[in-house]
Engineer: 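Dropping a structure here in structure tokens format, bear with me for questions.
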Amino acid sequence: MPSLQPYSTFGLAASCDSIQSFSDVTSFLSIFKTSKNNNKAIYILGGGSNSVFTDDFDGTILVNEIKGISHFDTESHHYLRVGAGENWHDFVTLCMKEKWYGFENLALIPGSVGACPIQNIGAYGREVNTLIDKVECVFLETGEQVLVGNEDCQFGYRDSVFKHALANKVLITHVNFKLPKHYELETSYGELAALTEPTPEKVYSKVIEIRKSKLPDPSELGNAGSFFKNPVVSKAVFQAIAQDYDSVPHFVVSGSADFPATEKEQIKIPAAWLIDQAGFKGKTLNKVRCHPTQPLVLTNLGGATGNDVITMAKDIIASVQGKFGIQLEPEVRLLGSKGLISL
């Protein structure tokens, strides 16, 4: 049975029945049909930076390697069509080189382009949904190819229709981006606010610098980036916490896709701060460690098991729940022998 370790940045020892890659829709549909006829589970994988295999997978892994980047522009916008199998950071770097600006805050996020709409990836004040025009998909059962417009993607915080109504029903083949030529840089978040005379290039470089200083390199230390979502809570919950912790970091969220404008002042609290306050920063359980400089990241010190990861994650969730009354949710996708599992 082939090993899944090279296909997941967390690097747990796990295997599966077979691993097959595809570079176009025709080859995908052929492989998918054959795999389904074998009555085995099927999981479609991109860069493997957000999928954690906690057990041997009883089925077939299909690796998306659809490539290609095309561009045209108008007086007001750049339009890009990008294959789902393209590496996200390499794509962002190309855009910076070509002066197709907008992605600079999203530099060095691991994974593939095809994963970006599923997760609605975001960092340093920018979410990718503001730049997505439409997503090209193919329905698994029928082979029908469809375009899903931005509004129909139902984007929310680390969320989209691809996690709900279209989950396990479509393959994302391409993502189409629409970048305004005139827009405001996002520099309000964290260390970016200290930039003098900011430019897209300065933001891009600073984001890379920050991420490298805080986050472990998956090629050196197994991890899946942010393990948990940053929770969004009511103003009342936040105020109760602030009575005991006057320096609690927070960001106001109002009128977003998550919360309609009628529900003002929802508050996002960094999960890293909650985990730190619960005493997990730098803590090790067997071969899994809560990273010392960014407790939102769990790492594989080498030889960790799926059970180690699940146990650590559950301990963190229970401790934060007990201390703050906030339920953390995983951002990563956890997989067991039959497919996705929940904690």
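What you are looking at is a predicted structure, and each value in this text was computed from that prediction instead of being measured.
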Engineer: Given Phe32 and Phe22, is the ring-ring contact (aromatic ring centres under 6.0 Å, His included) satisfied, shown in steps?
Structural biologist: CA-CA 10 Å; Phe32 180 82; Phe22 59 90; 9.8 Å; no
Engineer: Got more than 12 heavy atoms from elsewhere within 6.0 Å of NZ, Lys202?
Structural biologist: yes
Engineer: Just verifying a value: how many Å separate Leu166 CG and Leu171 CG, rounded to the nearest 0.5 Å?
Structural biologist: 12.0 Å
Engineer: Would you say the side-chain atoms of Asn150 pair up with the backbone N or O of Asn129, donor to acceptor, closer than 3.5 Å?
Structural biologist: yes
Engineer: Assess the pair Trp100 and Phe177: is the distance between their ring centroids shorter than 6.0 Å?
Structural biologist: no
Engineer: Starting at CD1 of Ile326, measure out to CG of Leu274 and round the result to the nearest 0.5 Å.
Structural biologist: 5.0 Å
Engineer: Does the Tyr101 side chain pair with the main chain of Leu185, one donor and one acceptor, at a distance under 3.5 Å?
Structural biologist: no
Engineer: CG of Asn50 to CD of Gln119: how many Å apart, nearest 0.5 Å?
Structural biologist: 4.5 Å
Engineer: Any chance NE2 of His164 has more than 12 other-residue heavy atoms, nucleotides or ligands included, within less than 6.0 Å?
Structural biologist: yes
Engineer: For the side chain of Ser3 and the backbone of Ser15, is there at least one donor-acceptor N/O pair under 3.5 Å apart?
Structural biologist: no
Engineer: Report the C-alpha distance between Arg158 and Glu331 in whole Å, list the side-chain angles of each, state the deciding distance to 0.1 Å, and finish with yes or no for salt bridge (Lys or Arg N to Asp or Glu O under 4.0 Å).
Structural biologist: CA-CA 8 Å; Arg158 301 295 178 272; Glu331 182 173 323; 3.7 Å; yes
Engineer: Backbone N or O of Glu186 within a donor-acceptor pair of the Asn105 side chain at under 3.5 Å?
Structural biologist: yes
Engineer: Would you confirm whether Asp276, through its side chain, and Ala272, through its main-chain N or O, come within 3.5 Å as a donor-acceptor pair?
Structural biologist: no
Engineer: Answer yes if the side chains of Ser18 and Thr60 hold a donor-acceptor pair under 3.5 Å, and no otherwise.
Structural biologist: yes
Engineer: Stepwise, does the salt bridge (Lys or Arg N to Asp or Glu O under 4.0 Å) test hold for Asp73 with Lys181?
Structural biologist: CA-CA 9 Å; Asp73 66 336; Lys181 291 185 176 180; 2.9 Å; yes
Engineer: Ring-plane angle category for Phe227 and Phe10, please: parallel below 30°, perpendicular beyond 60°, tilted otherwise.
Structural biologist: perpendicular
Engineer: Return the orientation label for the His71 and His78 ring planes: parallel under 30°, perpendicular over 60°, tilted otherwise.
Structural biologist: tilted
Engineer: Is the backbone N or O of Leu106 less than 3.5 Å from a side-chain atom of Trp88, with the two atoms forming a donor-acceptor pair by type?
Structural biologist: yes
Engineer: Does the gap between the ring centers of Tyr189 and Phe251 come in under 6.0 Å?
Structural biologist: yes
Engineer: Rounded at 0.5 Å granularity, tell me how far CD1 in Ile132 sits from CG in Asn120.
Structural biologist: 6.5 Å
Engineer: In terms of ring plane angle, is the pair Tyr79 and His77 parallel, tilted or perpendicular, where the classes change at 30° and 60°?
Structural biologist: tilted
Engineer: Indicate yes or no for a side-chain donor-acceptor contact from His250 to the backbone of Val248 under 3.5 Å, with no hydrogens or angles considered.
Structural biologist: yes
Engineer: What is the distance from atom NZ of Lys283 to atom CG of Asp315, rounded to the nearest 0.5 Å?
Structural biologist: 6.0 Å
Engineer: Rounded to the nearest 0.5 Å, how far does CG of Asp56 lie from CG of Leu12?
Structural biologist: 11.0 Å
Engineer: Test your reading of the model: is there a side-chain donor-acceptor pair from Gln327 to the backbone of Gln321, 3.5 Å cut-off?
Structural biologist: no
Engineer: Looking at Asp24, I'd like to know if its CG atom is crowded, meaning that more than 12 non-hydrogen atoms belonging to other residues, nucleotides or ligands lie closer than 6.0 Å.
Structural biologist: yes
Engineer: Can the ring centroids of Tyr43 and Tyr7 be said to lie less than 6.0 angstrom from one another?
Structural biologist: no
Engineer: Considering only NZ, NE, NH1 and NH2 on the basic side and carboxylate oxygens on the acidic side, decide whether Arg81 and Glu136 come within less than 4.0 Å.
Structural biologist: yes
Engineer: Does the Gln5 side chain pair with the main chain of Gly11, one donor and one acceptor, at a distance under 3.5 Å?
Structural biologist: yes
Engineer: Between the side chain of Ser30 and the main-chain N/O of Ser27, is any donor-acceptor distance below 3.5 Å?
Structural biologist: no
